[in-house]
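Presented below is the structure to which this report refers.
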Amino acid sequence: MRFGRSNGGHEKKPFNLRTALVGDFDYGFLCMPRWPFCRKPGSKNSEPPFYGINQSLGVLTALIMGLQHALAMAGGLVTPPLLVGMLSDDPFTKSYLIQASLLVCGITTFIQVTGFDIPRTPFKWGSGLLSVMGVSFASVPLMTSVVKSLIEQGHTFDEAFGKMLGTAAICAVWPVLLSFMPYKALRRTFPPIVTGVTIFLIGAKLVATGFKYWGGGVFCGENYKHLPAPTLDCLIPGPNGTTVTAPCFNANIAPMCRDNGEVVLPYGSGPYVGMGLLVFLSIIIIEMFGSPFMRNASLVLALLIGIAVAAAVRVDGKRFLTGTIVRAAPPIVFLWVKTFPLGFYPPAVLPFLIVFSITSVETVGDVTATAELSLLDVDDEAHVRRIRGGILHDGISGVFSALSGSMPLTTFAQNNGVIALTNVASRQAGWAAAGWLFLWGLIGKFGGLVLTIPHCVLGGATSFLFASVVTSGIKILMMGDGFTRRNRFIVSCSLAFGLGVSFVPQWATNALWPANPAASSGAASVRLAILLVLETGFCLGAIVAFLLNLAIPNETAAAIPKHADAARPRPTRDDAMPPYGVDDSAKGTMLDSPDTMRMAKDAAATARPAAATAAAAAAAGPRGAMAAAPRARLDEENEIAKGRVITLTSNISRGGAPAKTLAQRWLAFVDAAQNGSPASAEDAYYRFLLALADMELLGRKLAATQAASRRELETYEHKRQELAASIATAKEVIEAKKQQLAEARLWRQQQEEYEVLRRAITAVAPRHETQAAIDAVEGDIASIRASIARQNTTFDVIAKKCAAVRHQVEDLLNSFPRADGGAAAPGGGEPGGSAAGGGGAAPMAVDG
């Protein structure tokens with residue numbers, strides 16, 4: 001499973017000794033081969049969990065993943081120094097170039113993966129991602145060409161290679177300067193149209209070199225018919241099937257191919273081609289059936305298969321492999337055990353600047369791809385820092401590599417395939433890969449083993465490797481604007497020059513600018529520099545692409561004529577290639593009538609029956625047509641068809657040049673069928689069919705454009721609704737904020753009033769006096785409350801006593817006898833009498 005984009009972290013897992021040593025990677029997925037023919041359509045392989053850049057893998061998993069990356073890039077690391085080293089006759093020099101490239105790549109890969117922050121600056125040294133460093137293929141054609149030329153001028157290999165190393169060290173400062181250049185300006189200066197052409201030309205040149213090795217060797221491949229000139233030290237056929245090393249002055253004798261062990265045969269012999277084909281087929285089989293581990297290391301495994309078969313095969317009793325070079329190689333090698341006299345070759349400055357510019361742009365793409373596979377954001381400032389750190393490291397590594405006796409370096413893209421296949425982007429795998437490379441570089445026997453590989457075996461592997469460089473160039477060309485007409489023109493011009501001088505370099509070096517013995521050294525250096533650019537295909541192609549990209553303006557959409565009663569705007573014309581057969585005058589037009597598709601179908605339905613009738617008449621000839629049908633009937637049908645076409649033409653007069661061309665070619669066909677020869681009628685018929693096909697294709701194109709416009713309009717409407725909802729939500733938030741602000745203002749006003757009152761009280765009397773007055777008032781209130789409480793208690797006592805007296809009086813009154821013999825009623829008085837009147841005196845009533 002994969003996780004969302006993050007800062008490179010990963011979910012934490014419980015730590016234990018097994019996890020620290022072995023890890024928890026799915027080794028079954030990594031090592032299990034696959035059988036693609038048994039898989040169900042649409043089925044997917046289960047993927048291992050994703051590991052971020054800072055996730056711990058465990059020691060064993062980190063070593064295995066690092067080995068994956070090291071094996072994936074091993075072929076690309078040893079091939080460039082091997083190709084350049086072939087120009088030397090010293091086996092130790094060849095071996096040192098291979099070992100030095102491994103050591104330097106191991107050291108620089110460690111720095112690239114770590115990514116050190118530069119103190120007190122916003123920059124960093126290295127990308128800090130799982131990006132590995134390798135020898136740049138872009139420098140191989142340049143260095144082989146210049147070193148070979150200098151050797152022919154009388155320099156030794158060490159002197160010629162030292163001049164190139166010194167020049168490369170100086171020119172490597174250019175990527176350092178580019179790292180401080182704004183990222184957008186760098187992409188505008190070197191767009192995909194320039195870098196893609198350059199990388200394509202580099203790969204195309206190298207593929208030819210790979211096939212020369214495949215056939216037996218470079219020298220015998222370039223001179224497979226005869227020697228270029230009389231040679232003093234030549235390996236030629238001798239008597240009785242033997243070979244002789246001796247001066248050869250017969251230019252018609254072709255040299256034999258060496259560096260294939262003891263097997264010495266003419267170029268392109270069956271054993272050479274067969275061994276190379278075995279390696280190439282092994283790569284294909286591993287890709288089809290191999291496990292992810294095998295597929296990542298397919299190039300190295302195929303080479304090992306070729307080496308194993310070459311060790312077992314004999315050709316006329318002779319072996320492909322001998323142990324002479326391995327036995328002579330030292331056991332341990334380190335940097336600077338072999339040195340070269342550094343020099344400076346001015347003509348190579350401009351080509352080297354082009355090489356380092358291309359490698360810098362490659363670094364931008366490789367670091368971005370690694371960040372994408374690592375599930376990191378590629379639109380933030382941190383990603384720009386990573387890119388600048390990677391370019392800066394390219395420049396510093398180029399200087400360090402040249403001073404160490406190795407070729408220029410660049411950020412490799414091979415490891416991105418390993419990350420995509422294994423889901424492991426942890427930097428621990430990168431550190432392990434750096435350790436593996438450094439270890440291989442220390443072992444001197446490793447370089448001897450590489451030099452022992454027969455050239456025919458090496459050619460089968462390098463041909464595939466160099467073809468992948470061509471594929472990378474094509475992939476870059478597809479980026480950006482794609483193959484618009486402008487880009488196709490630029491690519492065509494660039495490839496014309498680049499491929500031309502790659503295949504025929506003498507076009508620029510033979511007699512274009514003859515040498516002038518009286519010229520100064522400066523003028524001679526300028527001449528050599530210009531001729532070097534002209535004979536180096538990728539340099540010339542890059543310059544042509546760069547200049548044309550600046551000079552040719554970008555394409556703009558054609559203006560759309562507005563229909564008189566158009567109710568809505570029409571879609572613009574895209575940059576796709578127009579249908580085959582449309583005239584140049586019709587390429588900039590658009591069918592602005594909404595019924596164009598219906599009219600095109602009507603045209604087809606109207607034209608085909610009449611075309612069939614006229615074609616039959618034309619095939620039978622004028623007389624045969626008159627015999628097959630009365631002339632009056634044929635004229636009537638032609639007039640009806642002509643009238644229909646004229647009506648159709650008037651209906652689609654706004655349909656642009658394709659519709660008019662269709663009508664014109666129909667009229668021409670009818671006229672040719674009626675009055676012309678069968679050949680002219682047939683020619684007019686096919687012209688009409690072409691115009692009809694163009695009309696139908698244009699109608700389909702317009703329908704697709706209208707459908708895309710409708711989808712785009714729906715998308716815009718959906719976005720408009722989302723924006724309206726966002727605006728409404730924002731308004732609600734603003735109203736709530738306003739309410740909160742009003743409440744805050746009211747609270748502040750109350751606080752201010754309280755503060756004013758407090759200050760007024762403080763101004764009337766001091767604080768202690770005010771408090772004393774308050775305490776006195778509170779004391780009076782307490783006294784009053786106590787007095788009220790005492791009065792309440794006294795009132796309760798009096799009320800209770802009054803109640804008791806009342807009860808006693810009532811009891812006393814009830815005890816007195818009444819006049820009627822009954823008890824006296826409470827309150828006294830006789831019945832029916834008044835308490836105050838009457839003849840006798842009444843007892844006094846007591847009111848309780």
Side-chain angles (χ1 to χ4, degrees), residues 79-80 83-84 86-87 137-149 152 193-229 251 254-255 257 267-268 272-273 276 347-348 350-351 354-355 358 455 458-460 462-474 476-477 488-514 528-548:
T79 301
L83 296 180
V84 177
M86 291 300 175
L87 300 175
F137 283 99
S139 61
V140 175
L142 176 63
M143 298 196 78
T144 53
S145 176
V146 174
V147 170
K148 184 177 180 180
S149 176
E152 292 175 352
I193 191 67
V194 177
T195 57
V197 166
T198 307
I199 296 174
F200 177 86
L201 292 173
I202 292 172
K205 178 69 175 179
L206 293 176
V207 168
T209 303
F211 259 73
K212 292 175 183 177
Y213 278 102
W214 193 337
V218 175
F219 181 77
C220 59
E222 293 176 348
N223 306 280
Y224 67 97
K225 288 186 177 180
H226 54 76
L227 292 173
C257 293
Y267 179 79
Y272 292 156
V273 176
L350 181 58
I354 295 176
V355 168
I358 298 304
H455 282 189
L458 186 66
T462 55
S463 296
F464 169 79
L465 183 63
F466 297 151
S468 66
V469 178
V470 178
T471 307
S472 299
I474 297 175
I476 295 175
L477 281 174
R488 292 198 306 272
F489 180 82
I490 295 175
V491 171
S492 299
C493 295
S494 305
L495 294 183
F497 283 97
L499 293 177
V501 299
S502 296
F503 298 150
V504 189
Q506 61 270 23
W507 172 82
T509 58
N510 187 31
L512 180 64
W513 192 345
L528 290 176
I530 295 176
L531 290 180
L532 180 60
V533 171
L534 293 179
E535 71 176 347
T536 307
F538 77 90
C539 290
L540 184 58
I543 293 175
V544 173
F546 179 78
L547 296 178
L548 290 180

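- Considering only heavy atoms from C-beta on, Leu532 comes within 4.5 Å of Glu535 through its side chain.
- Atom CG of Leu142 sits about 11.5 Å away from atom NZ of Lys205, to the nearest 0.5 Å.
- For the pair Val491/Ser494, no side-chain contact is recorded, criterion being any heavy-atom separation below 4.5 Å from C-beta on.
- For the residue pair Pro141 and Phe538, the shortest heavy atom distance occurs at CB-CE2, 4.2 Å.
- To the nearest 0.5 Å, the span separating CD1 on Ile354 from SG on Cys539 amounts to 4.5 Å.
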Original post:
Do Phe497 and Ile543 pass the side-chain contact (heavy atoms from CB on, under 4.5 Å) test, and can you show the C-alpha distance, the side-chain angles, and the key distance before you say yes or no?
Top reply: CA-CA 10 Å; Phe497 283 97; Ile543 293 175; over 6 Å; no
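- Nearest heavy-atom pair across Pro514 and Ala511 is CD-O, 3.8 Å.
- When all heavy atoms are compared, the tightest approach of Pro351 to Val533 is CG-CG2, 4.0 Å.
- Taking Cys220 as the reference, Cys257 meet the disulfide (SG to SG under 2.5 Å) condition, with sequence neighbours excluded.
- Note: Thr79 OG1 to Leu458 CG = 6.0 Å, rounded to the nearest 0.5 Å.
- Across all their heavy atoms, Thr462 and Gly210 have their closest contact at OG1-CA, 3.7 Å.
- In this structure, CD1 in Ile476 is found 12.5 Å from CZ in Phe200, a value given to the nearest 0.5 Å.
- Annotation: the span from Ser492 atom OG to Leu548 atom CG amounts to 10.5 Å, rounded to 0.5 Å.
- With hydrogens and angles disregarded, no donor-acceptor distance shorter than 3.5 Å links the side chain of Ser463 to the backbone of Gly460.
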Original post:
For Val501 and Thr536, what are the C-alpha separation, side-chain angles and deciding distance, and is it a side-chain contact (heavy atoms from CB on, under 4.5 Å)?
Top reply: CA-CA 7 Å; Val501 299; Thr536 307; over 6 Å; no
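- Atom OH of Tyr267 has more than 12 neighbouring heavy atoms from other residues, nucleotides or ligands inside a 6.0 Å radius.
- For Phe466, the ring pair (Phe, Tyr, Trp, His ring centres under 6.0 Å) test picks out Phe137, with sequence neighbours left out.
- Considering every non-hydrogen atom in both Val355 and Ser139, the closest pair reads CG1-N, 4.2 Å.
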**OP:** List the steps, then state whether salt bridge (charged side-chain N to carboxylate O under 4.0 Å, His left out) holds for Glu222 with Lys148.
**Re:** CA-CA 14 Å; Glu222 293 176 348; Lys148 184 177 180 180; 3.4 Å; yes
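- Among the candidates Leu499, Val470, Leu206, the single residue satisfying the side-chain contact (heavy atoms from CB on, under 4.5 Å) test with Leu201 is Leu499.
- Note that the OG1 atom of Thr198 and the CD1 atom of Ile358 stand 3.5 Å from one another [nearest 0.5 Å].
- Residues Ala508 and Leu531 share a closest heavy-atom pair of O-CD2, 3.3 Å.
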